[in-house]
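Below you'll find the structure, written out as structure tokens, and then a few comments.
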Amino acid sequence: MRALTQQTTEKTAPKSKADSKPKKAKTTATASKKVFKSEEKKDVSTSSAPEEGPRTSVWLMKSEPDTFSIDALINSPDSTSHWDGVRNHEAKNLMKNLMKVGDRVLFYHSNTKEPGIVALAEIVREGYPDHTAFDPKSEYYDEKSTKEDPRWFMVDVKFTRKFKRIVTLKELQQYKDKELSGMKLLNRGRLSVQPVTDQEMDFILCLEQQELKEG
DNA sequence: GCCAACGTTGGC
DNA sequence: GCCAACGTTGGC
């Protein structure tokens with residue numbers, strides 16, 4: 001159904017094989033909760049930055065399963081792939097500027113029978129130039145993007161876990177006027193990379209756990 | 001900088 | 001396959 005050959009616009013999915021060497025970030029990402037002796041009056045100015053815990057955010061990234069499915073990500077080397085082919089500036093800017101190593105990603109299947117969130121993933125490499133834009137043979141080629149002045153960026157995403165069930169768009173829409181009233185997916189359908197608030201994330205993770213009623 | 005024409009996304 | 005929403009392009 002979906003032509004794999006279409007050009008030029010934002011194509012949500014990465015499709016080339018990850019050539020990136022996804023080294024698992026040397027992680028400060030999860031640890032670093034520094035325990036300090038509370039009794040002593042510490043000179044705050046130099047050392048302890050109690051605000052420290054790594055700031056992580058949540059994102060939703062769409063991919064067409066015919067182009068790049070969650071199983072394709074799982075089967076990539078180290079279950080990691082770069083997210084190439086995004087040709088929309090708003091989405092690109094998020095990848096270039098705001099996504100950080102350790103951020104969580106909701107992996108969404110779009111343009112398919114049952115659109116919805118299918119898995120969790122994680123950012124393992126921050127924004128860097130999308131090389132497919134440089135390649136005249138790539139369907140994502142953009143002559144305006146050069147190595148000296150790259151126009152498109154991507155991140156590397158690593159699989160975390162599948163959802164125990166698909167949390168479908170249909171289901172999410174039921175909360176459009178309630179818990180998920182601000183969710184971009186429901187209001188700005190066409191943005192392929194988008195931020196998710198902590199509250200939305202919590203809610204979605206609860207939905208995942210919920211058994212669906214028979215029906 | 002406006003805005004009409006055009007192209008794409010993506011649910012249905 | 002249809003088509004609404006919306007982003008991009010380019011003439012002026």
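Per chain, numbering begins at 1; letters A, B, ... match sequence-line order.
A straight line from NZ of A:Lys176 to C1' of B:dG11 spans 13 Å, rounded to a whole angstrom. Between the CZ atom of A:Arg190 and the C1' atom of B:dG11 there is a distance of 8 Å, rounded to whole Å. One atom, CG of A:Leu172, and another, C1' of B:dG11, lie 13 Å apart when rounded to the nearest Å. We find that CZ of A:Arg188 is positioned 18 Å from P of B:dT8, with the value rounded to whole Å. In this structure, A:Lys184 atom NZ and C:dC6 atom P are separated by 13 Å, rounded to whole Å. B:dG10 atom C1' lies 16 Å from atom NZ of A:Lys113, rounded to whole Å. Rounded to an integer number of Å, the gap from NZ of A:Lys62 to P of C:dC6 is 11 Å. Rounded to whole Å, atom P of B:dC12 lies 13 Å from atom CD of A:Glu171.
One finds the CG atom of A:Asp84 at 13.0 Å from the CH2 atom of A:Trp152 (value rounded to the nearest 0.5 Å).
Under 4.0 angstrom from either OP1 or OP2 of B:dG11 there lies at least one side-chain N or O belonging to A:Tyr108. Dashed line: the shortest gap from a side-chain N or O of A:Gln173 to OP1 or OP2 of B:dC12 is under 4.0 Å.
Atom CD of A:Glu143 is surrounded by 12 or fewer heavy atoms from other residues, nucleotides or ligands within 6.0 Å.
Comparing the axis of the opening five pairs of the helix from B:dG1-C:dC12 to B:dC12-C:dG1 with that of the closing five pairs yields an angle of 10°, rounded to 10°.
The main-chain N or O of A:Thr132 is found under 3.5 Å from a side-chain atom of A:Asp130 such that the two form a donor-acceptor pair.
Both tests do not hold together for A:Arg161 against A:Phe159: distance to the six-membered ring centre under 6.0 Å, angle to the ring axis within 45°.
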Legend entry - Stepwise side chain to side chain donor-acceptor pair (under 3.5 Å) check, A:Lys176 with A:Asn187: CA-CA 9 Å; A:Lys176 184 176 175 11; A:Asn187 301 310; 3.0 Å; yes
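Aromatic ring orientation, A:Trp83 versus A:Phe107: perpendicular (interplanar angle above 60°, classes split at 30° and 60°).
Contact annotation for A:Glu114: no contact, since no heavy-atom pair falls under 4.0 Å across all strands.
Using a 4.5 Å cut-off on side-chain heavy atoms (C-beta onward), A:Lys184 and A:Leu60 make no contact.
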